[in-house]
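Quick note: numbers below take in every heavy atom, side chains included, and nothing from hydrogens, waters or symmetry partners. Sequence lines set the chain letters: A, B, ... in the order given, protein chains first and strands last, and positions in each chain run from 1.
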There are 2 protein chains.
Amino acid sequence: MKRLIENIRNKLSEKGLKVTPQRISILEAIYSLNNHPTADNIIEFIRVSHPNIATGTVYKVLDTLVENKLIKKVKTDRDILRYDGIVDNHHHIYCSECDLIEDYKDEELDVLLKEYFNKKQFEGFKLEDIVVQIRGTFDKC
Amino acid sequence: MKRLIENIRNKLSEKGLKVTPQRISILEAIYSLNNHPTADNIIEFIRVSHPNIATGTVYKVLDTLVENKLIKKVKTDRDILRYDGIVDNHHHIYCSECDLIEDYKDEELDVLLKEYFNKKQFEGFKLEDIVVQIRGTFDKC
DNA sequence: TCCTTAATGAGAGTCATTCTCCTTTAGTGA
DNA sequence: TCACTAAAGGAGAATGACTCTCATTAAGGA
């Protein structure tokens with residue numbers, strides 16, 4: 001736990017961001033809440049230890065973290081914005097029945113896509129990132 | 001134009017949906033406004049010829065159309081829902097600078113992905129759809 | 001043409017997110 | 001170590017996209 005917080009401090013100052021208790025607990029919340037929390041999940045989690053944090057602050061910090069690539073936004077077509085503490089390239093599996101979003105890492109796929117798009121070459125466009133959305137239904141749902 | 005409306009009528013009744021003037025003009029708006037309009041874009045467009053349409057009606061019709069797979073939802077990074085009149089399998093290019101979403105059709109890519117995921121086989125998961133999100137920046141932005 | 005049921009209009013309500021403005025604090029430099 | 005300044009946070013009002021409710025209207029089948 002100590003170690004996690006030390007790690008968070010380093011990440012923040014590496015980016016030239018002020019290390020504030022609010023920023024630390026928000027990142028801590030994202031790392032603790034596994035499944036792509038919403039802003040609301042994060043606020044609820046933090047209020048336990050930090051009852052006075054303002055919702056505006058949480059949104060502002062989340063924006064800052066996204067800008068500095070310490071977290072990612074996850075787009076879903078069905079509901080509100082979610083946040084993802086994993087910034088390595090990875091994909092998402094969306095269940096059509098429940099609201100779950102699962103992470104999907106697949107280096108073989110990454111290589112395949114990278115090679116494909118390298119060959120392709122877009123005119124007038126600088127490619128930054130490719131994310132695959134896999135939609136389907138879990139049998140358990 | 002006559003032809004477009006006839007086409008829309010057919011699509012609606014094929015799905016067993018009542019053919020109402022509101023539904024027709026909403027679909028017409030989506031087909032006319034090319035680039036993935038927001039609900040607001042659609043409302044603005046329709047009000048010209050149909051000033052009394054209620055915003056609630058527009059949202060309700062859009063939901064119905066999505067449910068019946070006559071249109072698709074797309075979400076931008078800035079968290080605004082947009083609607084897409086193209087329901088064939090296709091992908092999207094997201095610009096990090098502007099909020100534009102461009103369509104990206106690529107059958108070679110579709111085949112590649114289909115083969116890849118056929119080989120892969122997920123346990124306990126029924127695959128429905130694979131969409132690739134391509135993020136980057138247009139030089140013009 | 002009539003009847004039933006679904007669709008629409010109007011407008012109030014909701015709720016995630018943003019804004020404003022004042023206070024507090026992190027980090028720098030003396 | 002302390003003081004200063006710009007950046008960050010708190011409180012809560014404001015915004016705006018979307019939803020709900022309920023009375024009215026109209027599509028489509030009998």
Side-chain angles (χ1 to χ4, degrees), chain A residues 5-6 8-29 36-47 49-68 70-71 73-83 99, chain B residues 5-6 8-29 36-47 49-68 70-71 73-83 99:
Chain A
I5 291 180
E6 214 36 57
I8 290 174
R9 286 179 171 282
N10 290 339
K11 284 186 180 174
L12 288 171
S13 41
E14 269 167 31
K15 299 285 183 178
L17 297 171
K18 282 191 186 172
V19 177
T20 67
Q22 291 83 352
R23 287 178 172 170
I24 293 173
S25 26
I26 288 168
L27 263 178
E28 205 187 337
H36 311 94
T38 62
D40 219 52
N41 297 150
I42 294 166
I43 291 167
E44 198 185 347
F45 183 92
I46 293 176
R47 284 241 206 271
S49 58
H50 208 301
N52 290 329
I53 198 164
T55 59
T57 302
V58 174
Y59 283 103
K60 209 142 155 291
V61 169
L62 288 170
D63 276 354
T64 310
L65 295 176
V66 170
E67 265 170 41
N68 286 279
L70 290 173
I71 61 175
K73 286 185 181 179
V74 187
K75 285 195 292 290
T76 64
D77 293 343
R78 48 160 66 178
D79 68 353
I80 48 189
L81 263 183
R82 292 165 177 274
Y83 295 88
D99 232 11
Chain B
I5 291 179
E6 215 36 59
I8 290 173
R9 284 179 171 285
N10 290 339
K11 284 186 182 174
L12 288 171
S13 42
E14 269 167 30
K15 299 285 181 175
L17 296 172
K18 283 191 185 171
V19 178
T20 68
Q22 291 82 351
R23 286 177 174 171
I24 293 172
S25 26
I26 287 168
L27 263 179
E28 206 188 336
H36 310 94
T38 61
D40 220 53
N41 298 150
I42 295 166
I43 291 167
E44 198 185 348
F45 183 92
I46 293 175
R47 285 240 206 271
S49 59
H50 208 300
N52 289 330
I53 197 164
T55 59
T57 302
V58 175
Y59 283 103
K60 209 140 155 296
V61 169
L62 288 170
D63 276 355
T64 309
L65 296 176
V66 170
E67 265 169 42
N68 286 278
L70 290 173
I71 61 174
K73 285 184 182 179
V74 194
K75 199 176 248 189
T76 68
D77 278 349
R78 295 186 195 163
D79 199 27
I80 295 167
L81 266 182
R82 291 168 174 274
Y83 294 88
D99 210 26

Item to check | Nearest-Å distance for atom pair CG/P, residues A:Asp40 and C:dT14 | outcome: 17 Å
Checklist entry - Please give, in whole Å, the distance from D:dC18 P to B:Ile53 CD1? => result 15 Å
Next on the checklist: Expressed as a whole number of angstroms, how long is the span from A:Arg82:CZ to C:dT17:C1'?
Outcome noted: 16 Å
Checklist entry - What's the CD1-P distance between A:Ile43 and D:dG12, to the nearest Å? => result 15 Å
Next on the checklist: Categorize A:Thr57 for me: base, sugar-phosphate, or nothing, with a 4.0 angstrom heavy-atom threshold over every strand shown.
Outcome noted: base
Checklist outcome for this item: Separation of D:dA17 atom P from B:Leu62 atom CG, nearest Å, is 14 Å
Checklist entry - Of the nucleotides C:dT18, C:dT5, D:dG10, which one has an atom closest to the side chain of B:Lys18? => result C:dT5
Checklist entry - Within less than 4.0 Å of OP1 or OP2 of D:dG9, is there a side-chain N or O belonging to A:Thr20? => result yes
Next on the checklist: Less than 4.0 angstrom between a side-chain N/O of A:Tyr59 and OP1 or OP2 of C:dT18, yes or no?
Outcome noted: no
Next on the checklist: Judged by each residue's nearest nucleotide on DNA chain D, which is more toward the 5′ side, A:Val61 or A:Gly56?
Outcome noted: A:Val61
Checklist entry - Given D:dA11, C:dT18, D:dG9, which nucleotide is nearest the side-chain atoms of A:Ala54? => result D:dA11
Item to check | Spacing between A:Asn52 atom CG and D:dA8 atom C1', to the nearest angstrom | outcome: 16 Å
Item to check | Any donor-acceptor pair under 3.5 Å from B:Arg23 side chain to B:Lys18 backbone | outcome: yes
Checklist entry - Closer than 4.0 Å, any side-chain N/O of A:Gln22 to the OP1 or OP2 of C:dT25? => result no
Item to check | From A:Asp63, A:Val58, A:Leu65, residue fulfilling side chain to side chain contact (heavy atoms under 4.5 Å, CB included) relative to A:Val61 | outcome: A:Leu65
Checklist entry - Should A:Leu12 and A:Ile24 count as side-chain neighbours, where that means a heavy-atom distance under 4.5 Å? => result yes
Checklist entry - B:Ile46 and side chain to side chain contact (heavy atoms under 4.5 Å, CB included): which partner among B:Asn41, B:Ile26, B:Thr57? => result B:Ile26
Next on the checklist: Nearest to the B:Arg23 side chain among D:dG10, C:dA10, C:dA7, which nucleotide is it?
Outcome noted: C:dA7
Item to check | Under 3.5 Å donor-acceptor, A:Arg82 side chain and A:Val74 backbone | outcome: no
Checklist entry - Tell me: CD of A:Glu67 to C1' of D:dA7, nearest whole Å? => result 14 Å
Next on the checklist: Without decimals, in angstroms, what is the distance between B:Asn68 CG and C:dA7 P?
Outcome noted: 10 Å
